[in-house]
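Single-structure report; data block below.
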Amino acid sequence: MPTIPVRRSPRVSGGSKVAGQTVSRNEIGVSTPSKRKFRSNSTTEDNVVTSTLTPSPMGISPSKWKSPRRCVNDSPKSPLNANRGDKAINLSKSPVKRRLSECFLEKPMWNPRNMEQLNAVKEALHVSRAPSNLVCRQVEQNRVLEFCKQAVEKEKAGSLYVCGCPGTGKSLSMEKVKEVLGNWADESGFQAPDTLSVNCTSLSNTSDIFGKILDKIQPRRKLNSSASPLQYLQKMFSEKQQPAGTKMLLIVADELDYLITKDRVVLHELFMLTTFPFSRFVLIGIANAIDLADRFLPKLQSLNCKPAVITFRAYSKDQIISILQQRFEVFPYTIFQPQALELCARKVASASGDMRKALWVCRSAIEMLEAEIRDSISSLDLPSLHGGVSHQQRDGACDKSPIHESNVVRVDHVAIALSKAYRSPVVDTIQSLPQHQQIILCSAVKLFRGKKKDATIGELNISYLDVCKSTLIPPVGIMELSSMCRVLGDQGILKVGKAREEKLSRVTLKVDEADITFALQGIRFFRNCLQQV
């Protein structure tokens, strides 16, 4: 059997002997440009010998090897049987970014084409879906709970006013307090109070709340036509000792500001019922106004019976992220990119801190992803120029798509959902502008960063040309640019002054830079352009 010659390097320093020949270690393990050149001209027999001498890293055919130019992290000392297909690269991240991306990296991606998964996620993000444990509100809940415990222990009436911005967990916290209070009373040997929850917006008349209270205390009581429910309650709490064993009554009046009338009688009398000597009910009023007790109940303060006040602050960015992650933790797959959740939380926290708005934005972003996937499926069903797409190809695309990163809710989905949630006339106008007018606004924002508040049309034209050059869009002339600035001035977005020469006219932004950034961030080019320093 003939011996196949083996190419040897002229500079050999230590190696292994194969078929009586010394082969360089560098020749086997490392591919240099000169060796690649020689190897490209080598015969098929040389390739066979090389494949025999050098084992495949993955134990597969040499055609699936990775080129040394692609394996930038490899070294000559790397083991040949290392798993080069592993994509889990250990990146150095800050602790904050690592926490945000923890769930995204550890869980597999979900399949939004699966209607069962899709409906389950939408239901988890619904406002009416109350979580079993309300996070980020433990301090406020404990204060309300301690107030109610003291009233039950001492069998003493009292009033509490809970206030805060909409969507900060006030009503949800009260439901949790009622549940915990009942369990505590049973365990401690106290008589659990009766509870009455009233949403004041459901009352046809503001004074109907007294009838509801009386019905709860004495359900079958027939009133005299001459006495109103309020008068009966006042008489009962001021003259008559309640029988032994009578339960305390906890009243939770939500949307309390609906009871504010011109003379403020209803609201005042409601709180005054807790000051009668034989009153046995605890009133918790819930509203958004922080100073409601000071503005509408001044007489209570003079009588030294002003209700205690507990304020629910707006949710911060970190709290919104924690609440959203709590809703997603029941799912064994990743639904949102961490950057998308952070964008949603940051915008909602800076605007209002309303958790209901954050949930709405997340649901809207999921619906956009759903529509995007539906459009991609429809495009597969359209016949192509070469005879259409086969069922096998379409099914294969559907099977492979769920594992792709495009099947999670991305930043652009959340950005569009936020623009719908916080839609304003300025944002709508900017988003409907022609492309070159949007580029002018983008150029103006970049130009006016820092202390500069105005510039000439000539200076704006230089910034405009730089932006057009970066995106390979043909720019317009300076006269047409000036004309478009006048159009933007007519729409109230720019202010253009007058000068002898058109390029010397001063230009100033009349809208907030944040509105322009928010309106254009849904387009990748503008988002990258505005992020550049």
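The structure displayed is predicted, hence computed values, not measured ones. What you see below is based on every heavy atom in this structure, not just the backbone, and it leaves out hydrogens, waters and symmetry mates.
For Lys178 and Glu175, the salt-bridge test passes: some basic side-chain N is under 4.0 Å from an acidic carboxylate O. Ion pairing of Arg374 with Glu367 is absent here, as no side-chain N (NZ or NE/NH1/NH2) approaches a carboxylate O to less than 4.0 Å. Ion pair Glu146/Arg143 not flagged as a salt bridge, since none of the NZ, NE, NH1 or NH2 atoms sits closer than 4.0 Å to an Asp/Glu carboxylate oxygen. A salt bridge does not link Glu123 with Arg363: every distance from a Lys NZ or Arg NE/NH1/NH2 to an Asp or Glu carboxylate oxygen is 4.0 Å or more.
Across Thr195 and Lys216, no two heavy atoms sit closer than the pair O-CE, 3.2 Å. Across all non-hydrogen atoms, the minimal contact from Trp360 to Ala421 is CZ3-CB, 3.6 Å. Closest approach of Ser171 to Ile286, counting heavy atoms only: CA-CD1, 4.4 Å. Of all non-hydrogen atoms in His126 and Leu359, the two that sit nearest each other are O-CD1, 4.4 Å. Nearest heavy atoms, Pro193 versus Leu181: CG-CD2, 3.9 Å. Here the closest heavy-atom approach between residue Cys200 and residue Glu255 is recorded as CB-O, 3.3 Å.
The backbone N or O of Lys347 sits less than 3.5 Å from a side-chain atom of Ser350, completing a donor-acceptor pair. Within the 3.5 Å criterion, the main-chain N or O of Ile430 finds a donor-acceptor partner in the side chain of Gln438. Gln431 places no side-chain N or O within 3.5 Å of a backbone atom of Val426 that could act as its donor or acceptor partner. Listed for the Lys176 side chain is no donor-acceptor partner under 3.5 Å among the backbone atoms of Asn133. Side-chain atoms of Ser463 never come within 3.5 Å of backbone atoms of Leu460 as a donor-acceptor pair (strictly under, hydrogens ignored). Side-chain atoms of Gln150 do not come within 3.5 Å of backbone N or O of Phe147 as any donor-acceptor pair. In this structure a side-chain-to-backbone donor-acceptor pair under 3.5 Å is missing from Ser364 to Val361. With Ser188 contributing its side chain and Phe190 its backbone, the two residues share no donor-acceptor pair below 3.5 Å. With hydrogens and angles ignored, the 3.5 Å screen pairs no side-chain donor or acceptor of Asp515 with any backbone N or O of Val511.
A donor atom on one side chain and an acceptor atom on the other are found under 3.5 Å apart for Asp208 and Ser204. In this structure, a donor-acceptor pair under 3.5 Å is present between the side chains of Thr201 and Asn199.
For the pair Lys446 and Tyr464, the cation-pi test (distance below 6.0 Å, angle within 45°) is failed. At least one test fails for Arg410 against the ring of Phe336: distance under 6.0 Å to the centre or angle within 45° of the axis.
Within a 6.0 Å radius of NZ in Lys149, other residues, nucleotides and ligands contribute more than 12 heavy atoms. Other residues, nucleotides and ligands place no more than 12 heavy atoms under 6.0 Å from the CZ atom of Arg313.
Using a 4.5 Å cut-off on side-chain heavy atoms (C-beta onward), Glu370 and Pro112 make no contact. Side-chain contact check for Thr274 versus Val282: every heavy-atom pair is 4.5 Å or farther apart. Side-chain contact between Ile260 and Leu292: present, with at least one pair of heavy atoms (C-beta onward) separated by less than 4.5 Å.
Tyr333 OH to Asn114 CG: the interatomic distance, rounded to the nearest 0.5 Å, is 7.5 Å.
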